[in-house]
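Before any comments, here is the structure.
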Amino acid sequence: MKRISVVLLTACLVTSLGALAQDAAPTPDKYSPAELTAMEKTLEQKKDASGLATETLKKYSTDYSMLAFRSQSGKAELHEKFADFYVVVDGSATLVSGGTMVNGAPSAAGEVRGDSITGGKEMKLKKGDIVHIPADIPHQLVLAKGDTFQYFIIKVQEVN
């Protein structure tokens, strides 16, 4: 009988703790332009050979936020399940989207990378611009020589 009581007590505690964890709502995240600029300066020092540095800021169940710095054009990319929202913090770039990805190959589950995009639409981006790129759309950021591009990204899992 004592063993049954301990098992029941443990089950009640686990259930209660699980309910508390589910009730804990995430809190809003706020980043000022000054905070993002300061974080970008740190990121710039971490760029790799391709001129890219990223940092995931916060992850939730169906979305997450990132900060990115580029000093060179990026590869063409496609996210099968995630939409991208870019908020340009500083710099300029050309976003090429749609069209056909050249030499596209899977790079991770649900992710495709390629050399470039042909037949895509070009859109000039500058500080303050906000862009939504739906899931399953090839896209690429192209930078002019010597330019840099800093942007806040929100990735949202789309439901199909």
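It should be emphasised that the depicted structure is a prediction, and the values quoted were computed from it without experimental measurement. Note that these values count all heavy atoms, side chains included, but never hydrogens, waters or copies made by symmetry.
Taken to the nearest 0.5 Å, the CG atom of Leu52 stands 11.5 Å off from the OG atom of Ser73. Leu78 contributes atom CG, which lies 7.5 Å from atom CD1 of Ile137 (distance to the nearest 0.5 angstrom). Here Lys124 contributes atom NZ and Thr94 contributes atom OG1; the two are 3.0 Å apart, rounded to the nearest 0.5 Å.
The nearest pair of heavy atoms linking Leu143 to Ala93 is CD1-CB, 3.8 Å. Counting all heavy atoms, side chain and backbone alike, Pro138 lies closest to Met101 at CB-CE, 4.1 Å.
Both Val89 and Ile130 belong to a single network of hydrophobic side chains, linked directly or stepwise wherever heavy atoms of I, L, V, M, F, W or Y lie under 4.5 Å apart. Cluster annotation: Val142 is not connected to Met123 through the hydrophobic network of ILVMFWY side chains, with a link wherever side-chain heavy atoms come within less than 4.5 Å.
Side-chain contact of Gln150 with Thr148: a donor-acceptor pair under 3.5 Å is present, judged by distance alone. Side chain to side chain, Tyr60 and Asp29 meet the donor-acceptor criterion of an N or O pair below 3.5 Å. Under 3.5 Å, the side chains of Lys121 and Ser97 contain no donor-acceptor pair of N or O atoms.
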Next item on the list: Please assess Thr42 against Met39 for the test side chain to side chain contact (heavy atoms under 4.5 Å, CB included), listing each intermediate value before the final yes or no.
Entry: CA-CA 5 Å; Thr42 302; Met39 287 189 272; 5.8 Å; no
Next item on the list: List the steps and the verdict of side chain to side chain donor-acceptor pair (under 3.5 Å) for Ser65 and Lys58.
Entry: CA-CA 5 Å; Ser65 58; Lys58 203 79 162 211; over 6 Å; no
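The backbone N or O of Val102 lies less than 3.5 Å from no partner atom in the side chain of Ser116, so there is not a single donor-acceptor pair.
Here the rule is side chain to side chain contact (heavy atoms under 4.5 Å, CB included) with Glu40, and of Phe152, Phe69, Tyr151 only Phe69 fits it.
Between Glu77 and Lys75 there is no salt bridge, since no side-chain N of the basic residue sits under 4.0 Å from a carboxylate O of the acidic one.
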